[in-house]
J.: 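Pasting a structure below so you can have a look.
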Amino acid sequence: MDNTETSFTMNNSNKSYDMRKLNFSIIAVVSLMLVMIMGCSDQFLQVEPIGKAGEEQFYNTDDDAIKGVMATYDVLQWSYAQDWNSIYMVKTLPTNETTAGGNGSGDQPPYQRLNDYTFSADNPAITASYQSLYYGVYRANKVINNVDPEASDVRNQVVAEAKFLRAFFYFELVSMFGDVPLNLKELAPSEYSQSRTPASEVYAQIETDLTEAISELPLKSEYGQADKFRASKGAAQALLGKAHLYQEEYNEAAAQFDNVITSMEYDLVSDYSKVFREETELGVESVFEIVYVKDQGYNWGNFPWGSRIQENNIHWQLAGPRTDNYNDNDGTGLQGGWGFLYPTEDLYNAFVNSNDSTRRVNSLLSEQELENRTGDTITGDPYDYEGYVRLKYGSLAGETSSEDGAVPALNYGTNIRLIRYADVLLMAAEAYHHSSDYTDSDARTELNKVRDRADLPPVTTSGQALMDDIKEERQLELAFEGVRYLDLIRWGDAASELGSLGFQSGKHELFPIPADEVRRNSEITENNPGWGGG
C-alpha cells in the first residue's frame, strides 16, 4: 500500500507481500471427491475433502493475521476515494472552502446537494460513507476476535493495529452521525438489527481500543519505509487526543498530544509547498495517511464504477479545473480535470486577510495569479467557478502516471493525510488553551510553530483572542483536508459561518442516519434531530 513501493514487510518477519495481488478471503474452499468402485461391490472409498480451509483455521498463522489486518486498511483506500461515494467529499462539500462544481447542476446530484444543503437521508454518498465505515468495523472485529495476540509478537501487533483501525472507523461514525450501533463481534442474522448506542459509550470504546493499542504498537521509527503507512503508537495517541478534544475533555486531550510532541518522532516539513507532494509521503510530518499507488489503477477500458477494488485516487482528477484544453505542466503542474471542488472566494479572502501568502500560493490561485505565474488563463465558462483554481491536493501531473496502460487522468497516487503533525500541534494548542494543566503560553508555543513554517509572525494573544487565532490557523493550514466542517460544528460556529449556504442549527450538526439503514434496521426507530424517521 505504499506509493513508491508496492510491498510491505512485517517487523520480525522476512515475508513480503505484493499489495496489488493480495486478495483476502476468510474462507477458501476447494473440495475433491474421489470415488472408486472396488471390484464388483457397492463399497466406495471414503476420503476427507482436500484443500478445505475453514475460517477457524484461517487466523492461525502470522501470515493470515497480516492478511486480515491489511484487508482492514484496504477499507480506508476505497471509502475515502471511491469516485462518487467518498467520505472525503461528504465531509468537504458542506463547507465554505469549496463549491461543488462539475459540469453543471445535474452533474453528480448527491454531491451538488451536499454543497447546497438540500441533501436528505437518501443521499447515496452519505449512505456509502456509513456503510463503508461499518465494513471497516466488521473487518477489524474479525481480526480482533480471531487472532490470538499471545501466539506471537507479529499477531500481538496485528491485533493492536486492528484496535486502532476499529477506533478510527468508530470515531468517523460518531463524529459524523452521533449515536450509532456499537458492534464488537460478528453478528448472527438474528442480530443484524441493532439499536443505536449513545455517543458517550461509543467514545468510551474508542478510548479503550486506543489505550490498549498504544501499549502494543511500535513507534513509527521502528517500521521500515514500506510499512510506515501502518498504525503507530504516535498515531494512536494523536487519535485518542482527538477523541478527547471532540468531547471537550481538554486535560486528557492535552496529555495525549503532549505524548506525541515530546516523542520527537515527528516534525514539520520545512517547505510548505512540499507537504502534499509525493516526495514527503509517509515522511516526518505524517502521523497517519492513506496510501495510494499511481502505477496501477483505472483505465477507460476497465473503469470499475462503484468498485471497492481501488488502489489509486481519482479525487484529484475530480478536483482539476474543467476548462477548455487546460494543461500547465511547465507552470503550476496542473492538468485539466472534471471541475469539482473549486476553491471559494471566502477561502481566498481568508488567506489574504491573514497576510498568509506562503500557504495561499501553494493552496489556491486567483485567475490573475495563475496568468501572472504561468501565462495561462482559464478558458470556457466552468460551472460553479468563483475565479480560483486549486493547487493543494490538485490534479498535478507529477502525482500520476501512465504505467501499466492506465490513463494518467484516472491514476493519481496522491496520499490522503488523515493526521499530520501540523494538525496535532494545532489540536494541542486548542487543548492547552482550555486545559487546567497547561497555559496559554504553552498553547502559543505550538501554534507559533505552525505559523513560523508559514512565514507568519508569532501571536502574543491570550484568552478568547488566542482561541480565535487557533481557529483561523486551522482554517488556513488544514484547508481542503476534510476537517473544517466538523471543526465549525464542535466550536458552535457552523450557523454563523455556513448559514448563508443553508446550514440549519438543530439539524445539520449531524448527518442523517441513512434511510436505507433505518428501513432495514428495526431497532432504529428515529433519525437524528431534524431528519424525521429517515
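Computation of the quantities below employed the complete heavy-atom set of this structure, encompassing side-chain atoms and omitting hydrogens, waters and symmetry-equivalent molecules.
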J.: For the residue pair Phe288 and Phe164, is the inter-centroid distance of their aromatic rings smaller than 6.0 Å?
T.: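 Here the rings of Phe164 and Phe288 have centres that are less than 6.0 Å from each other.
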J.: May I ask you to decide whether Glu285 forms a salt bridge with Arg417, counting only side-chain N to carboxylate O separations under 4.0 Å?
T.: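 The answer is no: the pair does not qualify as a salt bridge.
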J.: What residues, two or more places apart in sequence or in another chain, satisfy salt bridge (Lys or Arg N to Asp or Glu O under 4.0 Å) together with Arg359?
T.: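 For Arg359, the residues satisfying salt bridge (Lys or Arg N to Asp or Glu O under 4.0 Å) (neighbours in sequence not counted) are Asp356, Glu473, Glu477.
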J.: Salt bridge or not for Arg277 and Asp271, using N-O below 4.0 Å?
T.: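 Answer for the salt bridge query: no.
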J.: Looking at Trp338 versus His315, is the centre-to-centre ring distance below 6.0 Å?
T.: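 Ring centroids of Trp338 and His315 are no less than 6.0 Å from each other.
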J.: For the pair Phe511 and Phe119, name the ring-plane relationship: parallel under 30°, tilted 30 to 60°, perpendicular over 60°.
T.: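 Tilted, since the angle between the ring planes falls between 30° and 60°.
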J.: Under a 4.0 Å N-O cut-off, is there an ion pair linking Asp122 with Arg519?
T.: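 Result for this pair is yes, salt bridge flagged.
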J.: Between Ser354 and Glu472, do the side chains contain a donor N or O and an acceptor N or O under 3.5 Å apart?
T.: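 The answer is yes; a qualifying pair exists.
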J.: With the side chain counted from C-beta on, respond yes when Asn528 and Pro512 share a heavy-atom pair under 4.5 Å apart, and no when they do not.
T.: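 Heavy-atom side-chain distance check fails, nothing below 4.5 Å.
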J.: Closer than 3.5 angstrom, by distance alone: can the side chain of Asn115 be matched with the main-chain N or O of Tyr111 as a donor-acceptor pair?
T.: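 It does not hold such a pair.
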J.: Assess the pair Tyr388 and Tyr348: is the distance between their ring centroids shorter than 6.0 Å?
T.: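 Distance test on ring centres: under 6.0 Å, yes.
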J.: Measure from the ring center of Tyr134 to the ring center of Tyr138 and say whether it is less than 6.0 Å.
T.: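 When the ring centroids of Tyr134 and Tyr138 are compared, they turn out to be at least 6.0 Å apart.
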J.: Scan side-chain atoms only and decide if Arg196 and Asn521 contain a donor-acceptor pair under the 3.5 Å cut-off.
T.: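 Not at all, the side chains of Arg196 and Asn521 share no donor-acceptor pair under 3.5 Å.
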J.: Can you say whether the rings of Tyr117 and Phe503 are parallel (under 30°), tilted (30 to 60°) or perpendicular (over 60°)?
T.: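 Judged by the thresholds at 30° and 60°, the geometry between Tyr117 and Phe503 is perpendicular.
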J.: Are Glu497 and Trp491 linked by a side-chain donor-acceptor pair shorter than 3.5 Å?
T.: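 Not at all, the side chains of Glu497 and Trp491 share no donor-acceptor pair under 3.5 Å.
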J.: Less than 3.5 Å apart, any donor N or O on the side chain of Asp455 or Thr358 sitting next to an acceptor on the other?
T.: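 Asp455 vs Thr358: donor-acceptor pair found between side chains.
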J.: Identify whether the distance between the nearest side-chain nitrogen and carboxylate oxygen of Glu97 and Lys392 falls below 4.0 Å.
T.: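 Answer for the salt bridge query: no.
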J.: Taking the side chain as everything from C-beta on, heavy atoms only, tell me whether Val424 gets closer than 4.5 Å to Arg420.
T.: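 No, their side chains stay 4.5 Å or more apart.
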J.: Taking side chain as C-beta onward, heavy atoms only, is Asp487 less than 4.5 Å from Tyr246?
T.: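 With C-beta onward as the side chain, the pair touches.
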J.: Give a yes or no on whether the backbone of Glu172 and the side-chain of Ser175 come within a donor-acceptor separation of less than 3.5 Å.
T.: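 At least one qualifying donor-acceptor pair exists.
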